[in-house]
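First up is the structure itself, then whatever we jot down about it.
Values below: every heavy atom of this structure, side chains too, minus hydrogens, waters and symmetry copies. Within every chain, numbering begins at 1; the chains are lettered A, B, ... in the order of the sequence lines, protein sequences first and strands thereafter. Keep in mind that what you see is a predicted model, and the values were worked out from it rather than measured.
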Number of protein chains: 4
Amino acid sequence: MSEPQTSIKPHDAARQALVEHRSRQLLDAAARLMERDGSEAVSMQALAAEAGVSVGLIYRYFGSKDDVLLAVITDVLGAFSTTVPEAVEEAGEDPVRRLAAAFAAYCRVIDSHRHAAVLTYRESKSLDEAGRDRIKRLEVETSEPLRAAVRDGVEAGKLVAADPDLVAYNLLLLAHAWALKHWYFEQTRTLDSYIRDQLALALRAILADGLGDAYADLLSVGR
Amino acid sequence: MSEPQTSIKPHDAARQALVEHRSRQLLDAAARLMERDGSEAVSMQALAAEAGVSVGLIYRYFGSKDDVLLAVITDVLGAFSTTVPEAVEEAGEDPVRRLAAAFAAYCRVIDSHRHAAVLTYRESKSLDEAGRDRIKRLEVETSEPLRAAVRDGVEAGKLVAADPDLVAYNLLLLAHAWALKHWYFEQTRTLDSYIRDQLALALRAILADGLGDAYADLLSVGR
Amino acid sequence: MSEPQTSIKPHDAARQALVEHRSRQLLDAAARLMERDGSEAVSMQALAAEAGVSVGLIYRYFGSKDDVLLAVITDVLGAFSTTVPEAVEEAGEDPVRRLAAAFAAYCRVIDSHRHAAVLTYRESKSLDEAGRDRIKRLEVETSEPLRAAVRDGVEAGKLVAADPDLVAYNLLLLAHAWALKHWYFEQTRTLDSYIRDQLALALRAILADGLGDAYADLLSVGR
Amino acid sequence: MSEPQTSIKPHDAARQALVEHRSRQLLDAAARLMERDGSEAVSMQALAAEAGVSVGLIYRYFGSKDDVLLAVITDVLGAFSTTVPEAVEEAGEDPVRRLAAAFAAYCRVIDSHRHAAVLTYRESKSLDEAGRDRIKRLEVETSEPLRAAVRDGVEAGKLVAADPDLVAYNLLLLAHAWALKHWYFEQTRTLDSYIRDQLALALRAILADGLGDAYADLLSVGR
DNA sequence: GATGAATGAGGCTTCATTCAT
DNA sequence: GATGAATGAAGCCTCATTCAT
C-alpha cells in the first residue's frame, strides 16, 4: 500500500509469495482454532502453536491481535466477494435466479466459516473504531450482489419490493443466522433445506403476482 | 435457637428487599457499562465502580462473573416473558394483529436492552455449558408468543405458512437484528419504521390471499 | 487482665459465664472445622457459620484471626496441663509408671485434637512474635510432667539418662508425631499400639539395668 | 518441516540448560524466601521479586503455585536420595556405623533446607491429593536407607529391634525435629551435638547386649 | 450484645507484546 | 527472517476486618 512499486524486482515477488503463504497459514490456523475452541480461546501463543510458527513471527505479518482478527473477518468477507459474484453469473440472466444463487452462495460461505462469521458480531474493544468501520463497510459492500439482484428484479417487474435494500439486508442476516443460531437450526435442518426454505419464504413476500408457476421450484418447501 | 419463630420476621422482608435492590443495581450497572463501553468492558472492577459498590459485594449476590452475565441475559429474556404476552393480549383476538403486536413488543424490548441483547450472541468461554443451555432454552421459550400467533393465524386461515416455526424464528431474528445491526439500520430508520417495514415484508410472505385490504394498515411501508 | 477487680458484681459473673460459653463455642467450632477441612480452610466467615454466630461476634471475643488461632492452640496446650498431671497422679508413686502414664496421656490428648495439634507447627506470619513466643513457652511448660518424671526416675536410680530433657522432649515429639504423621502410622497402628510400642522403645534406652523384669509389661511390643 | 534433523540440535541443550537454571533459580529463591520471612511469604509476586524475574515467567517453568511448592519439597527429598546413600556407603560395611552415618546425613540435609523441610508438614489446601500422595510416597522412599540399616543390623545380630520400621521412622522424625523445633534445640545444642546425642540415645534402645564397648564412640554424650 | 452487609487489599493466573539472539 | 524467553498489566476472586443498625 505505502510500498514503492516503481519496479517489481524478482526478490520482491519471492517476498510477496512468502507473505502470502504465511498469512494464509496463520489465517487458516486462526479459523481452525476458533472452530475448535470457540473464538474466545484464540490467544497469540495458541495461534502460534496451531500454525506451527513462533509467537514473534505473527507480529511480523500482523501488527497486533486486532489485526489478526480483522484479517480473519476480512478473509471471510473476501470469500463473499469472489464466490458470490461467481455463483450469480453462473445462474444466468434472470434476476430471481440470480438472487436465489446469491443467497445460496452466501449461506454456503457462511457455513464453511461458521465461527469466523460470528466474529463480525463481536463488538470488541480490541477492534478499534477504524477496524470496525472497515468491517462494516466491507459487509455492506459484499452484500451488494444481493441488493443488485433485488433491484434488477424490481426493475424487470419480477419482484415487488417497496424497499429493496431491506429485503437484501434481511437475506444477508438470515445467511448469518445460519451461523449465529446454528444450535437451533441444526436440530431440524440441513444447510440445503435451510437455504431452500428461507428462500421460498422470502420470495413469497416479493415475487410479483402470477410468477408463482415460473419459479415453482424455488417456492417449494420441506424435503 | 433462642430466636422467637412465631412468624416471618420483618427482618427477612428487609433482607429480601435489599437483595432485590442490589441485584437490580448491579444488573443495571452492567447494562449501562455495556451500553457505554461495549460488552467487553464488564470487568468485575469496572462493574463495581459503575454500581458504586465494592468488588467483594458483587460476590455476595452473584457467585461469579458468569453468574452476572447470565443474570443480565436472563433479565432481558425475562422482560420478554412479561412484556410480550401483555402486548399480545391488548392486541385483541385477531391472530394477525396479535402477531404484529408480539413482534413490535419484541423489538421494543430489544431496543431498550440493546447491548444486553447482543450478549446472547457471545459464545463466551465464561458462560459454561449449563449457562448456555439455559439461555438457549429461555430464548426458545420466550419466542413462544410469536410462534403461537403464527400457528393461530394459520389455523384461522388468515396466514399461509408451510413452516410456522421458521416464520416465527425469523421474526425473532429480525427483532434481534435491530440490536445487532443497529449501526446499519439507524442510518435510515427509526425503531417505529423498522418495526413497520419488517412486519409489512413478513406479512406479505404469509398473509392469505385476499386479506390485503383487511390489513392494509400493517402492509404500508415507508415513512 | 487489665480489668479492675475490686469487687465481683453478680453482673460480672454472668458476663464472665457468657464470655466463657461463647469462647468455648467458637473454639470448638474452629477445631471441628480444622478437623473437617484442614486448618487452612478456616476463614472467619466459615467459623462464624460453623459456630452459628455472626462474623462480627467473633471479634467481640477474639481481637483477630490470630487471636483465634492462638486460642485454639492454647486450648490444646491447656488440655495437657490438666489432663496429663491427673494421669500422672493416678499412676502412683513410681517414676517409671508416671512417665508411662504421662506419655500415654499426652498421646491421647493429641489424638483428640489432631488438627489443632498440628497448628503448633505452622510458622505463620499471622501469629506474631509475641504469640509464637507464648506458644513456645506454653509448650515447654506443658512438657514439664514428662521432664519431671524422667528426672525423678534418674534420681531414683530407675532410669539412666545423660540428658533427661532430651529424653522428655523426644517423647513429646513422638506424641506430636501421632498427629503429624498420622497418615503413616494409621496404616499399621492404633493409638494404643502406638503408645505401647513407642514407650517400650524409649524405655529400652533409659531403663536402668536389671529392671527389665519389673517393667516387663511396659516393654512388651506388638499386639 | 524445513529444519535439518540430522542430529540433536545444540539449541536443545541450551534450552535444557536454561530450564535447569531457571528452575534452580526459582527454587532457591523460594527457599530463601521461606528462610527469611516464613513459608507463608511465598506468594507468586514475592517469589518473582526474590528471584529477580517477572511473575509470568514462573508460569513457564511451573504450572501453578502448587507446582512450585511441590517442587521445593521434592527438591529437599531429592537431596536425601543422593546425599544419604553416599554417606552410608562411605561409612563402610558395619550396619551400625551405616545407620549412624545415615542419620547424620539426614540431619545435615535437613539443616541446610530447614524451612523447606518444614513445608512437608503443611497440610495446605494448595497441595492437592495427588501432590500430597506423591510427597508421602517420596518421604517413605527416602527413609529407606535408615530402614535398611536397621534391618541389616538386626539380621547381623548387632541390633535388637522388635519393630525396625518404627525405629527407622523415629530417627527420621528426630531428624525433621531439628528443623521443626529448631527454636528449642538451638538454645542448648549445635547440629553436631544434636546428632551425637540423639544417636546415642537411640542406639541405647536397640544395640545388642555386649556391644557397648565396640561402639563407645557412638554412645558418648555431652559436649 | 449481636448482626451481617460492605469493604478493598492482596493473591493467583493469563496473555498480548517486545526484543535479544 | 525467525525464534521464544521474558515482561507486566489486568482480570477474577477471597477473606480479614469494620461499622451502622
In whole angstroms, how far is the P atom of dG1(F) from the CD atom of Gln25(A)? 14 Å
Can you see if the side chain of Tyr61(D) gets near the phosphate of dA6(F) - specifically, an N or O under 4.0 Å from OP1 or OP2? yes
As a test of reading the structure: which of dG11(F), dA5(F), dA5(E) is closest to the side chain of Leu18(D), going by heavy atoms? dA5(F)
Quick one: does Arg15(A)'s side chain get under 4.5 Å of Leu18(A)'s, heavy atoms only? no
Heavy-atom pair with the smallest gap, counting every atom of Asp67(D) and Gly63(D): OD2-N, 3.1 Å
Write down the distance between CZ (Arg15(B)) and C1' (dA5(E)), rounded to a whole number of angstrom. 10 Å
Do Lys65(D) and Leu47(D) come close enough that some side-chain heavy atom pair is under 4.5 Å? no
Could you state the CD1-C1' distance from Ile58(D) to dA6(F), rounded to the nearest angstrom? 12 Å
In whole angstrom, give the distance that lies between atom CD of Glu50(A) and atom C1' of dG4(F). 18 Å
Roughly how many Å apart are dT21(F) and dG1(E), using the P atom of each and rounding to a whole number? 22 Å
Ignoring hydrogens and angles, tell me if any N or O in the side chain of His115(B) forms a donor-acceptor pair with the backbone of Met34(B) under 3.5 Å. yes
Pairwise side-chain contact, Arg24(D) with Glu20(D), heavy-atom cut-off 4.5 Å (strictly under): no
Where do N or O atoms of nucleotides 17-19 of chain E meet protein N or O atoms at under 3.5 Å, pair by pair?
{"unit_1": "dT17(E)", "atom_1": "OP2", "unit_2": "Tyr59(A)", "atom_2": "OH", "d": "3.0"}
{"unit_1": "dT17(E)", "atom_1": "OP2", "unit_2": "Lys65(A)", "atom_2": "N", "d": "2.8"}
{"unit_1": "dT17(E)", "atom_1": "O5'", "unit_2": "Tyr59(A)", "atom_2": "OH", "d": "3.4"}

Strand DNA chain F as a dot-bracket string - pairs counted if Watson-Crick or G-U with both distances under 3.5 Å, | where the partner lies in another strand: .||||||||||||||||||||
To the nearest Å, how far apart are Asp67(D) CG and dT14(E) P? 11 Å
Side chain of Ser54(C) - closest among dA6(F), dA5(E), dT3(E): dT3(E)
If only atom types and distance count, is the side chain of Gln25(D) paired as donor or acceptor with the main-chain N or O of Ala51(D) below 3.5 Å? yes
Counting any heavy atom closer than 4.0 Å, what does Arg22(B) reach on the DNA or RNA strands: base, sugar-phosphate only, or nothing? sugar-phosphate
Once you apply a heavy-atom cut-off of 4.0 Å, does Phe62(D) come out as touching a base, just sugar-phosphate, or nothing? nothing
Tell me whether the OP1 or OP2 atom of dT7(E) has a side-chain N or O from Arg60(B) closer than 4.0 Å. no
Separation of Leu26(D) atom CG from dA5(F) atom P, in whole Å? 14 Å
Separation of Leu47(D) atom CG from dT13(E) atom P, in whole Å? 12 Å
Crowded around Arg134(D) CZ? As in, over 12 foreign heavy atoms under 6.0 Å? no
5' precedence on DNA chain F between Leu57(B) and Gly52(D) (nearest-nucleotide basis): Gly52(D)
